[in-house]
Each structure stands twice: as C-alpha cells, then as structure tokens.
Amino acid sequence: MIPLALLLALAPAPAAAADPLAGVWRNARDSVRIRVAPCRGARGMCGTVVSANEKARADAAAGGTDRLVGTTLFRGFERGDDDSWAGSVFVPDIGSEVDGTLRLEGRDTLVAEGCLFAGFGCREQRWTRVAGR
C-alpha cells in the first residue's frame, strides 16, 4: 500500500498554480481565438491563433500573413512587478511586430496594448476568456 503522503507528493500541481494568462481567449468580435500557454523553446507566455473567421484571415493576408491560424500573436510575455506582462505583439494586418503589454482585468478580460514607436500609434484590444477551456 502506498502512503498517502507519497500520493499527495506525486499528484499534479493544482490549476491555481498555472499562469493566469493560460487559456483560450477571443477578441471582441469573436473573429479570432488564441491559446495562451508557455512559449515552446523560449521563455515567457505566447498566444497562438487557434481559429479565425474568413474576414480576419483576409485582413491578415492583405498584411502579408498568408496563414493566420497557427500564427503566434503574443511572444515571450513575462510578468513584471506591477502584475502586467511585457513582450512583443505580432500584428498580422500590417505584418509587423511591436512591443506590447498584457494585463488582466478580473479573471476573464485580457487587455493587450501595442505601440508602433515609442508610445505612438498605440492600440488596445480586449480579449475575453472562453469558458470551459
């Protein structure tokens, strides 16, 4: 018989220990959904497109991104001291990567912001956590 203490030590870590950014998120129009998870082969958290409607795919293609689904939009986001995350954001509509920040408003709203140059040309986008994921 295995001692209870050993079973508890071998049990997986509770879900609360997971990064609060982890999960599936949708943009306001639900035209794009991303999965946020630890980056593969790099530090930080990444957000990769898991679904996109026809218009979102067409807008991305016009910006030079031929394959939107599978594209990593959030790259290398690491948590700072102020409960925000900093990394880079790929903007498929213009085919460019910009510095960005992520912050949570509550548990289910993710606010992403990116600026084209030194605080100019900034844009904010809100993402909502997809339930059950």
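Model, not experiment: these values are computed from the prediction. Reckoned from all heavy atoms, side chains included, excluding hydrogens, waters and symmetry mates. FYI, the numbering just counts along the sequence from 1.
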K.L.:
If you round to the nearest 0.5 Å, how far is CZ of R103 from CZ of R79?
P.N.:
14.0 Å
K.L.:
Side chains of E113 and C122: does their closest heavy-atom pair fall under 4.5 Å?
P.N.:
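Sidechains of C122 and E113: in contact.
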K.L.:
With a 4.5 Å heavy-atom cut-off, do T71 and T65 have their side chains touching?
P.N.:
yes
K.L.:
What heavy-atom pair brings V98 and C115 nearest, and what distance separates the two atoms?
P.N.:
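The answer is CB-O, 3.4 Å.
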K.L.:
So, taking the atom named OG in S88 and the one named CG in D99, what distance separates them when rounded to the nearest 0.5 Å?
P.N.:
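S88 OG to D99 CG: 7.0 Å, rounded to 0.5 Å.
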K.L.:
Grab the two heavy atoms, one from F74 and one from V36, that are nearest each other, plus how far apart they are.
P.N.:
CD1-CG2, 4.4 Å
K.L.:
Answer yes or no: is there a donor N or O on one side and an acceptor on the other, between the side chain of D93 and the main chain of G63, under 3.5 Å?
P.N.:
no
K.L.:
Could you give the distance from CZ (R26) to OG (S31), rounded to the nearest 0.5 Å?
P.N.:
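Taking CZ in R26 and OG in S31, the distance rounds to 10.0 Å.
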K.L.:
Is any side-chain heavy atom of M45 closer than 4.5 Å to one of E78?
P.N.:
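SC-SC contact between E78 and M45 ruled out.
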K.L.:
Do the side chains of W127 and V111 get nearer than 4.5 Å, heavy atoms only?
P.N.:
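No, every pair of side-chain atoms sits at 4.5 Å or beyond.
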K.L.:
Are side-chain heavy atoms of L21 and L102 found at a separation under 4.5 Å?
P.N.:
yes
K.L.:
Which value, rounded to the nearest 0.5 Å, describes the distance between T109 atom OG1 and L104 atom CG?
P.N.:
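Spacing of OG1 (T109) from CG (L104) equals 8.5 Å.
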K.L.:
Between I34 and T48, is any pair of side-chain heavy atoms under 4.5 Å apart?
P.N.:
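A side-chain contact under 4.5 Å is absent here.
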K.L.:
Short question: side chain of R57, backbone of A52 - any donor-acceptor pair under 3.5 Å?
P.N.:
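The answer is yes, because a donor-acceptor pair under 3.5 Å joins these two groups.
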K.L.:
For a quick test of reading the model, state the closest non-hydrogen atom pair linking P92 to L68 and the distance between them.
P.N.:
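Taking P92 first and L68 second, the nearest heavy atoms are CG-CD1, 3.8 Å.
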K.L.:
How close do G76 and C39 get, counting heavy atoms only, and between which atoms?
P.N.:
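Result for this residue pair: N-SG, 3.6 Å.
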K.L.:
Is there side-chain contact between E97 and V89, with heavy atoms separated by less than 4.5 Å?
P.N.:
no
K.L.:
Do side-chain atoms of R75 reach the backbone of T72 as a donor and acceptor pair under 3.5 angstrom?
P.N.:
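It does hold such a pair.
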K.L.:
With a 4.5 Å cut-off on side-chain heavy atoms, are L110 and R129 touching?
P.N.:
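No; the side chains remain at least 4.5 Å from each other.
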